[in-house]
Amino acid sequence: GAGVSQTPSNKVTEKGKYVELRCDPISGHTALYWYRQSLGQGPEFLIYFQGTGAADDSGLPNDRFFAVRPEGSVSTLKIQRTERGDSAVYLCASSLTPGGPLDYNEQFFGPGTRLTVL
Amino acid sequence: DQQVKQNSPSLSVQEGRISILNCDYTNSMFDYFLWYKKYPAEGPTFLISISSIKDKNEDGRFTVFLNKSAKHLSLHIVPSQPGDSAVYFCAASGGNQFYFGTGTSLTVIP
């Protein structure tokens, strides 16, 4: 079956521009996560959706970052007034449900969107 | 503030031998730990996990050990195969968030 897909795979933009990054999770997965991975670092948590609602957005670095998931499936990460420091690979992951300590559900990652801000 | 640390950025192992990847964490509230494998230009792929109520979990050639008192976990791969060459991330969770280490690049030499 289809895995998590992300579009575009690469995005080059100029400082100050607005960008949208899209994530299509695995069908039926209610939990969706966005991460940012900078060069030489591990994925850094940004936001977590359970269904349509953002259950935890404490990882968003500032108010230029915003994410939506209006129908509980596809999610869009939106970055306003991009800065060079926003350049990174943005990863999306989905899972059936977050579960609890004894039955965490595996997160399936997409291939990521490489964002370059010039 | 890095809550999950992988202090070895790279590791080279001969094919057939054991690979041991290490990970340390600082938050004693973490209750679930995972290892992911990542190839270039792909997203991380789940490998194996362990709950904080256990100290060992085994899946084929992969075994994860958890030492809660030392806040340390390790991934053992035996025997190592050339296809295991990738970047390995450990991750920890105590709720909705997952914290990742910086990764260890494993090279298995044929």
Side-chain angles (χ1 to χ4, degrees), chain A residues 3-7 9-10 21 23-26 29-51 53-60 88-114, chain B residues 1-10 21-25 27-54 57 59 62 64 66 68 73 86-105:
Chain A
V4 178
S5 63
Q6 293 185 246
T7 54
S9 54
N10 280 283
L21 312 179
C23 172
D24 273 277
I26 293 173
H29 281 192
T30 60
L32 185 146
Y33 304 78
W34 281 100
Y35 294 87
R36 176 170 70 176
Q37 185 174 13
S38 301
L39 193 63
Q41 301 296 313
E44 173 192 6
F45 170 83
L46 295 178
I47 186 170
Y48 152 65
F49 287 90
Q50 179 56 34
D56 186 343
D57 65 357
S58 61
L60 295 177
V89 175
Y90 288 82
L91 293 163
C92 174
S94 70
S95 66
L96 276 170
T97 65
L102 300 183
D103 63 351
Y104 268 96
N105 278 292
E106 173 188 343
Q107 290 186 30
F108 293 83
F109 280 83
T113 293
R114 180 174 297 279
Chain B
D1 182 25
Q2 195 76 17
Q3 298 197 50
V4 177
K5 298 178 183 179
Q6 293 176 258
N7 292 319
S8 297
S10 63
L21 295 95
N22 293 301
C23 180
D24 297 291
Y25 61 97
N27 190 339
S28 59
M29 298 302 291
F30 288 147
D31 58 13
Y32 192 65
F33 304 88
L34 311 90
W35 283 94
Y36 282 85
K37 177 180 178 180
K38 185 181 183 305
Y39 293 116
E42 296 182 9
T45 302
F46 171 78
L47 197 56
I48 192 169
S49 65
I50 188 167
S51 163
S52 60
I53 62 172
K54 296 183 177 180
N57 188 26
D59 184 2
F62 303 92
V64 56
L66 176 63
K68 287 179 63 180
L73 68 155
V87 177
Y88 289 78
F89 291 98
C90 67
S93 177
N96 298 325
Q97 296 195 23
F98 287 76
Y99 297 87
F100 284 77
T102 52
T104 296
S105 178

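Order of the sequence lines sets the chain letters (A, B, ...), proteins ahead of strands, with each chain counted from 1.
Listed by chain and residue number, Glu44(A) satisfy the salt bridge (charged side-chain N to carboxylate O under 4.0 Å, His left out) test with Arg36(A) (two or more places apart in sequence, or in another chain). Every side-chain contact (heavy atoms from CB on, under 4.5 Å) that Thr7(A) has, sequence neighbours left out, goes to Arg22(A).
Taking CZ of Phe46(B) as the reference point, atom OG of Ser95(A) lies at 11.5 Å (rounded to 0.5 Å). Taking OG1 of Thr102(B) as the start and CD of Gln37(A) as the end, the distance is 10.0 Å to the nearest 0.5 Å.
Of all the heavy atoms in Gly43(B) and Leu91(A), the pair that sits closest is CA-CD2, 4.3 Å. Taking each heavy atom of Phe98(B) and Phe45(A) in turn, the nearest pair found is O-CB, 3.9 Å.
Using a 4.5 Å cut-off between heavy atoms, Tyr99(B) makes no contact with chain A at all. Using a 4.5 Å cut-off between heavy atoms, Tyr35(A) contacts chain B through its side chain alone, with no backbone atom that close. With a 4.5 Å cut-off on non-hydrogen atoms, Lys54(B) does not touch chain A at all.
The candidate from Pro43(A), Cys92(A), Ser9(A), Gly40(A) with the greatest count of non-hydrogen atom pairs under 4.5 Å with chain B is Pro43(A).
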